[in-house]
Amino acid sequence: MTATAAPASPTLAKGLEGVIAGETAICNVGQGQLIYRGYEIHDLAAHATFEEVAFLLLEGHKPSSSELARFTQEIVAERALPSGVIDFIRTTGPMLKSGTAVPMDIVRTCVSILGNLDKESQEITHEANLRKAKRILAKVPTIIGHMQNVIDGREIVEPKTGGDPKLSHAANLMYLMSGSKPTPAYAKVVDVSLILYAEHDYNASTFTTRVIAGTLSDMHGAMAGGIAALKGPLHGGANEAAMEMLKEIMHDVGEKGIGTDAVDNWMQNAFDTKRKLMGFGHRVYKNGDHRAPILHKMGRAIAEQDTKNPGGHAALKWFELGEHVQRIMLAKKNIHPNVDFPCGLTYFTMGIPVPQYTPIFVASRVTGWAAHIMEQHANNRLIRPIAQYNGPDLMSWTGK
Ligand code: SDX
């Protein structure tokens with residue numbers, strides 16, 4: 001075996017900014033366009049369903065109608081959770097109430113338990129990985145739904161089947177969470193949000209899954225790591241944090257303040273105190289996130305239709321506030337919103353509980369994670385960068 005020599009002069013890149021850490025055939029994140037396996041995101045959002053995109057990412061090509069029917073059937077058949085996971089979810093109420101756990105932690109633990117119960121958990125062949133990926137994809141919405149039922153003190157919806165087999169992935173997720181079937185318009189918006197969230201090359205959580213897979217560890221473990229990485233507010237947790245920030249602004253300036261200097265003053269104070277505005281900025285996109293306008297337009301259309309949403313709050317004022325915040329951010333900092341900003345507004349408009357926004361991101365991103373885990377396993381090399389030491393000079397333990 002030949003050892004590869006270290007690069008002559010390795011350079012320090014904080015946060016790995018600008019470093020090409022590997023290759024991928026799954027996704028291309030560019031300033032000009034976002035592509036999943038050769039298909040552009042506007043094209044997918046307008047013409048594909050989430051199930052089709054999930055197939056594209058997992059199986060590697062656009063599905064034929066018979067392939068899609070087979071895939072959809074496979075997913076529907078795997079929606080129900082094992083009783084051990086349902087039992088665990090039933091016990092989560094006090095943890096969620098006390099704040100020792102948040103929904104993202106519960107999803108992470110459930111995925112770990114699913115691994116413990118999966119007969120193929122230790123198999124990392126492509127075929128076993130694909131089967132496990134489909135099982136996880138099918139079950140995450142059920143975890144979210146059952147958990148929301150526990151939070152709301154409602155009977156768990158469809159524990160035996162994990163939903164209504166006639167409903168799409170997106171519609172079934174909403175049904176499981178609330179017990180009522182969404183309107184086609186709401187289901188469509190959630191479906192598109194899942195398409196937009198599905199994949200984004202070497203983002204922090206996907207890179208985490210590749211690092212874990214690169215040690216030849218297993219799919220469920222890599223996914224649990226991905227969920228932990230996605231949870232943070234600098235990454236997927238920003239969709240919840242963005243909505244919480246808008247609520248804070250609304251509270252501080254009052255409804256009459258939307259569109260007035262009061263918001264400018266709030267923002268100036270945030271800039272002066274070097275506060276990060278949630279849902280803005282991106283490591284790669286410097287001229288805007290391709291996904292954000294797609295979701296903003298759809299979310300706003302929903303808000304315009306509903307003067308009162310199911311949660312009982314007038315939705316449009318939140319979009320008006322969000323748009324004012326965006327204008328100030330662009331004018332003062334030249335920073336654009338990322339996908340999490342319109343996502344927060346859109347899910348809020350539909351009455352989805354804020355702590356479930358990032359778990360819903362998981363329900364979609366598991367497809368991208370799984371594709372990357374399989375790609376890593378197919379052409380593996382351990383991922384192990386080097387660090388530049390900046391600790392104390394050499395000392396003697398005995399003082400001699
Ligand atoms: C996602 O990577 C992906 O692809 C992720 C994702 C995916 O699909 O997987 O797209 C999903 O994670 C979207 C990002 C969600 N996060 C947020 O919305 C949190 C708020 N955003 C920021 O903290 C920030 O923009 C990051 C974390 C997204 C990116 O951070 P970087 O690339 O490390 O940039 P930085 O923090 O070093 O900022 C550079 C400059 C700084 O100003 P200066 O010190 O140079 O004067 O831009 C400023 C920052 O202060 N800046 C912000 C800001 N984002 C950048 N200032 C205020 N508010 C912000 N949101």
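Numbering of ligands and ligand atoms starts at 1, following listing order. Quick note: numbers below take in every heavy atom, side chains included, and nothing from hydrogens, waters or symmetry partners.
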Check your understanding: Is Ser205 near ligand 1, meaning one of its heavy atoms is under 4.0 Å from it?
Key -> no
Check your understanding: Would a distance-only check, ignoring hydrogens and angles, find a side-chain to backbone donor-acceptor pair under 3.5 Å from Tyr347 to Val190?
Key -> no
Review point. Hey, is atom 12 (O) of ligand 1 under 4.0 Å from any protein heavy atom?
Key: yes
Review point. Is the backbone N or O of Gly299 less than 3.5 Å from a side-chain atom of Thr349, with the two atoms forming a donor-acceptor pair by type?
Key: no
Exercise for review: Could you tell me whether Arg365 and ligand 1 have an N or O pair separated by under 3.5 Å?
Suggested key: yes
Point to revise | Cation over ring face, Lys333 and Phe271, 6.0 Å, 45° | key: yes
**Study point:** Under-4.0 Å heavy-atom contact between protein and atom 37 (O) of ligand 1
**Key:** no
Point to revise | Carboxylate-amine/guanidinium proximity below 4.0 Å for Lys317 and Glu320 | key: no
**Study point:** Subset of ligand 1 atoms that lie under 4.0 Å from at least one heavy atom of Asn203
**Key:** 2 (O), 3 (C), 4 (O), 5 (C), 9 (O)
Review point. Does atom 23 (O) of ligand 1 have a protein non-hydrogen atom under 4.0 Å from it?
Key: yes
**Study point:** Flag, side chain of Asn338 to backbone of His282, donor-acceptor distance under 3.5 Å
**Key:** no
Exercise for review: Determine if the distance from atom 16 (N) of ligand 1 to the closest protein heavy atom is below 4.0 Å.
Suggested key: yes
Point to revise | atom 8 (O) of ligand 1: any protein heavy atom closer than 4.0 Å | key: yes
Exercise for review: Check ligand 1 against Met329 and write out every atom of the ligand that is under 4.0 Å from a heavy-atom position of the residue.
Suggested key: 57 (C), 58 (N), 59 (C)
Check your understanding: So with a 6.0 Å cut-off around CD1 of Ile20, is the heavy-atom count from everything else above 12?
Key -> no
Review point. Do ligand 1 and Arg291 have nitrogen or oxygen atoms that lie under 3.5 Å from each other?
Key: yes
Practice item. Would you mind running through ligand 1 and noting each atom that sits below 4.0 Å from a heavy atom of Gly279? Key: 17 (C), 18 (O)
**Study point:** Those atoms of ligand 1 less than 4.0 Å from some heavy atom in Leu277
**Key:** 20 (C), 57 (C), 58 (N), 59 (C), 60 (N)
Exercise for review: Identify, by atom number and element, the atoms of ligand 1 in contact range of Ala238, meaning under 4.0 Å from any of its heavy atoms.
Suggested key: 15 (C), 16 (N), 17 (C), 18 (O)
Review point. What about Ile106 and Ile156, same hydrophobic cluster or not, with Ile/Leu/Val/Met/Phe/Trp/Tyr joined at side-chain heavy-atom distances under 4.5 Å?
Key: yes
Review point. Salt bridge or not for Arg131 and Glu78, using N-O below 4.0 Å?
Key: no
Practice item. Just go through His336, Lys276, His200 and tell me whose heavy atom is the nearest to atom 49 (C) of ligand 1. Key: Lys276
Review point. Who gets closest to atom 5 (C) of ligand 1 by heavy atom: Glu199, Glu17, Met278, His282?
Key: His282
Review point. Are a donor atom and an acceptor atom from the side chains of Ser217 and Thr215 found within less than 3.5 Å of each other?
Key: no
Practice item. For a side-chain contact (heavy atoms from CB on, under 4.5 Å) with Ile89, tell me which candidate from Thr91, Ile86, Val85, Asp87 qualifies. Key: Val85
Exercise for review: Would you tell me which option among Thr206, Ile335, Asp340, Asn338 has the nearest heavy-atom contact to atom 56 (N) of ligand 1?
Suggested key: Ile335
Practice item. Please write down residue, atom name and distance for the protein heavy atom closest to atom 31 (P) of ligand 1. Key: Arg283 NE, 3.6 Å
**Study point:** Carboxylate-amine/guanidinium proximity below 4.0 Å for Glu199 and Arg37
**Key:** no
Point to revise | Per-atom contacts of ligand 1 with Pro233, taking only distances under 4.0 Å to non-hydrogen atoms | key: 16 (N), 17 (C), 19 (C)
Review point. Is it true that the side chains of Asn116 and Ser121 contain a donor and an acceptor less than 3.5 Å apart?
Key: no
Check your understanding: Considering all protein heavy atoms, does one lie under 4.0 Å from atom 42 (O) of ligand 1?
Key -> no
Revision key, fill the gap. Here the atoms of ligand 1 under 4.0 Å from any heavy atom belonging to Phe280 are 18 (O), 20 (C), 21 (N), 22 (C), 25 (O), 54 (N), 59 (C), 60 (N)
